[in-house]
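Numbered from 1 within each chain, the chains take letters A, B, ... in sequence-line order. The structure displayed is predicted, hence computed values, not measured ones.
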Amino acid sequence: MFARTKQESVLIVKVSSFWAEAVSDGRKLLRICLSYRKDDFQSIYKLNFEEKKRLPPLLQRLKCDLIIYGSGSKVDFSCYPLQTEGYSSFTRRVWAEVREIPYGRFCSYKWIAQRLNNRGYRAIGKALSINPFPIIIPCHRVIREDGSLGGYSQGMRIKKELLRIEGVLPLLPQAKMI
DNA sequence: AACTGTCGCGAAG
DNA sequence: CTTCGCGACAGTT
């Protein structure tokens, strides 16, 4: 009995000044990683093999969207199918809530908590820290209540860059809270 | 039991 | 006004 290995496709694309790696099973996205160094990606060894094949439509579309996004235009990622099985219902509720934050807006961890009738603010951060779909689930739009930026699993440099791309960063005065 | 991508308060500079 | 320490909070490992 040989375990049937799932057919996974990998997209690696430059977005603004960093790289994005997206993995899909053809139907859904499985994960996304962001890095300034292309060879950080675990699947990099597959690239020579993969890039000869046509990308599945889902990754084609994502590639276009990411490039457009990186160029500073508004992109709606809310319809991408994501593989979220295996995560707790709380975690998924947090992600669903964060997905509602529009492009170019932001809110606080507390604000998300309140929408879930919850005061475990730190649990919100925990749920976001394991977000496998940065950009698609826009956890970079969640910052601290006092206006400081908080953390980011992909590195603060990228969080800042994403907010800058969306015109939020020089931050506050005229930036719109959600 | 020990962690968090937090918050808000009080105390001190 | 700004920073710092600390306890409370809820969920996960």
For A:R122, which contact category applies under a 4.0 Å heavy-atom criterion: base, sugar-phosphate, or nothing?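 Base: the residue A:R122, judged by heavy atoms under 4.0 Å, touches a nucleobase.
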Report the distance from atom [atom1] of [X] to atom [atom2] of [N], rounded to the nearest whole Å.
X	N	atom1	atom2	value
A:Q114	B:dG8	CD	C1'	13 Å
A:N118	B:dC7	CG	P	13 Å
A:K126	B:dC7	NZ	C1'	18 Å
A:L116	B:dT6	CG	C1'	14 Å

Whichever of A:R119 and A:I130 has the more 5' nearest nucleotide on DNA chain C, that residue is A:R119
- prompt: If you group Ile, Leu, Val, Met, Phe, Trp and Tyr by side-chain heavy-atom gaps below 4.5 Å, do A:Y121 and A:L149 land in one group?
  reply: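 No, no single cluster joins them.
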Open item on the list: For A:D25 and A:R27: C-alpha separation, side-chain torsions, deciding distance, then whether salt bridge (charged side-chain N to carboxylate O under 4.0 Å, His left out) applies.
Closed with: CA-CA 6 Å; A:D25 63 5; A:R27 300 166 40 78; 5.2 Å; no
_A:R61 to A:Y80, cation-pi by 6.0 Å centre distance and 45° axis angle_ = yes
Could you tell me if A:R157 sits above the aromatic ring of A:Y36, with its cationic atom closer than 6.0 Å to the ring centre and no more than 45 degrees from the axis?
yes
#### Entry: A:R141, A:K74, A:R105 screened by side chain to side chain donor-acceptor pair (under 3.5 Å) with A:E166, the one that passes
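It is A:R141, the one option of A:R141, A:K74, A:R105 that forms the side chain to side chain donor-acceptor pair (under 3.5 Å) with A:E166.
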Donor-acceptor pair (no angle test) under 3.5 Å: A:Y109 side chain, B:dG5 base:
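Check passes, donor-acceptor contact within cut-off.
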Stems field, DNA chain B, Watson-Crick or wobble, 3.5 Å, at least 3 pairs, by first number, holds B:1-4 with C:10-13, B:6-13 with C:1-8
Practice task
State yes or no: are the ring centers of A:Y103 and A:F77 separated by less than 6.0 Å?
Solution key: no
Sequence neighbours excluded, the answer for ring-ring contact (aromatic ring centres under 6.0 Å, His included) partners of A:Y87 is A:W95
_Under 4.0 Å from a heavy atom of chain A: give me the 5'-most and 3'-most nucleotides of DNA chain C that qualify._
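For DNA chain C, the relevant span reads C:dA8 to C:dT12.
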Margin query: So A:W19 and A:V13, do their side chains get closer than 4.5 Å, heavy atoms only?
Written below: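 Answer no - side chains too far apart.
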